[in-house]
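First comes the structure, then the notes that go with it.
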Amino acid sequence: MPSPSIVWFRDDLRLADNPALRAAIDRGEPIIGLYVLDEESPGIRPLGGAARWWLNGSLASLAERLAERGGALVLRRGPADRVVREAVTDAAAGAVFWNRRYGGPERAVDAGLKAVLRDAGVEVASFAASLLFEPWTVTTGAGTPYAVFSPFWRACQSLPAPRAPLPEPREIAGARHPIDSDRLDDWELLPHEPDWAGGLRETWEPGEPAARRRLREFLNNDLGHYARARDEPAAGATSLLSPRLRWGEVSPHQVWHEGVATGRAGKFLSELGWREFAWHTLFHSPDLATQNLRREFDAFPWPRLRPSALEAWRRGHTGIALVDAGMRELWVTGYMHNRVRMVTASFLIKNLLIDWRLGEQWFWDTLVDADAANNPFNWQWVAGSGADAAPYFRIFNPDLQAKKFDPDGHYVRQWAPEHLSDDPPPPIVDLRESRQAALAAYDVVKRAARG
DNA sequence: AATTATTTGTC
DNA sequence: ACAAATAAT
């Protein structure tokens, strides 16, 4: 009797460089791919709307690719500890393989399952696949997590190089007797009434093949301009790999090794280092999305929330050109250029004095690339409450940023053209006065930390 | 991964 | 008068 292997796919929706899938193939028994939509396990953050849209496309692609090679993807919904055990029983599986997750609630689920399944005599193995370096292997001399990026990344680069990517399997022997699967459509991951995903469909093609094409294209054609033009939102000079890395359609190992092979990807690879830093920080501080990493920021005197100001920011009607352009790019495409993310976040926190957590939640719901580490990490970086954060007095002037990085107004014209008309909308806040108010608020933190 | 105010330099 | 360097936040 065969005892099938279950490959539990999570944030690794790919066939190439997938150590869990490789282990299942090497085991030699029939393989069942499993994806669990878990909106119930305690502490696991439900996906945002844009993320659900991406997941739908990426799962459809993965299912098709597995089927082409003789395998299958089973979809099930519910708390993972129960659902995975049920799948093991239904399939009479002898082994379960997965690639590791690094968020607190996810690790708790995985550790519990590993223990229960092993007790039941099921072989279980987990693998490193979503980060270049395991978080517990990168610490300061004192054994504490790094709090500053440069020494963190230096330390990473002094470790043994990340392993080479695994090749894509040609054949995947599926189980003879398939087990029940939900239908992807029944999960209703796609928006309807209203269908707001038109801009996402025009902008993105989820799935591993498109992800690999984009990586090749970026490294072959765009790397030469990257260092110079990466900060210009209209230049199209960035990799656009963030959602692909978020969903694991490409692995950081593939990006790393193909990047190193070009011999000129240092600046770009350091961005991969920031991704790594964010995840390591989440590993050590699982409540990154809710708690100030620097607890002295708990003293920050957020004024009473003005809901109309928050809503104006969300919808891109602040009367500040670059902010409005960015917020609308986000709303339409599920993405925003990195520099503009910093500007819009700084504006929310430092000009509107709205708690970074509210901005983080909006990005969580609207970005196709938001993950549990990078989104809160970078919001805290801008707020000044995070790891290696911008000093509190580093307040962006969004108009000056537009002059510097969108001097010809191409980006503003694409997303918020009324700002270039004869009758541009008025700003909802005075940049100069609100800057002074923010400095005063940060001064409270400084005093509280001292006194 | 900054901005603004002030001082110094150059014509 | 204006640019460039520097200091302060």
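Per chain, numbering begins at 1; letters A, B, ... match sequence-line order. What you see below is based on every heavy atom in this structure, not just the backbone, and it leaves out hydrogens, waters and symmetry mates.
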Heavy atoms only, 4.0 Å cut-off, all strands: where does A:R341 land among base, sugar-phosphate and nothing? nothing
Got a salt bridge between A:D17 and A:R22, using NZ or NE/NH1/NH2 to carboxylate O under 4.0 Å? no
Which of B:dA5, B:dA1, B:dT3 is nearest the side chain of A:K267? It is B:dA1
Atom CZ of A:R394 to atom P of C:dA8: distance rounded to whole Å? 17 Å
Starting at OH of A:Y442 and ending at C1' of B:dA2, how long is that distance when rounded to a whole Å? 13 Å
Are A:Y226 and A:F218, when compared by the centres of their aromatic rings, separated by less than 6.0 Å? yes
What about A:W8 and A:Y35, are their ring centers closer than 6.0 Å? no
Phosphate contact (B:dA5 OP1 or OP2) by A:R435 side-chain N/O below 4.0 Å: no
Among B:dA5, B:dA1, B:dT3, which nucleotide sits nearest the side chain of A:R339? B:dA1
Given the side-chain rings of A:W204 and A:Y335, with only the six-membered ring counted for Trp, is the space between their centroids under 6.0 Å? yes
Whole-Å distance separating the CG atom of A:N351 from the P atom of B:dT4: 10 Å
Over how many whole Å does the gap from A:Q436 atom CD to C:dA8 atom P extend? 17 Å
In whole angstroms, how far is the P atom of B:dA2 from the CD1 atom of A:I395? 13 Å
A:F277 pairs by ring-ring contact (aromatic ring centres under 6.0 Å, His included) with which of A:W381, A:F152, A:W153? A:F152
Could you tell me whether A:N338 contacts a base, only the sugar-phosphate backbone, or nothing, with contacts defined as non-hydrogen atoms closer than 4.0 Å? base
Taking CD from A:Q401 and P from B:dT3, how many angstroms apart are they, rounded to a whole number? 4 Å
From the list B:dA1, B:dT3, B:dA5, which nucleotide is the closest neighbour of the side chain of A:E271? B:dA1
Winner on side-chain proximity to A:F393, out of C:dT9, B:dA1, B:dT3, is C:dT9
If I take atom CG in residue A:L400 and atom C1' in nucleotide B:dA5, what distance separates them, rounded to the nearest angstrom? 14 Å
In whole Å, what is the span from the NZ atom of A:K404 to the P atom of B:dA2? 7 Å
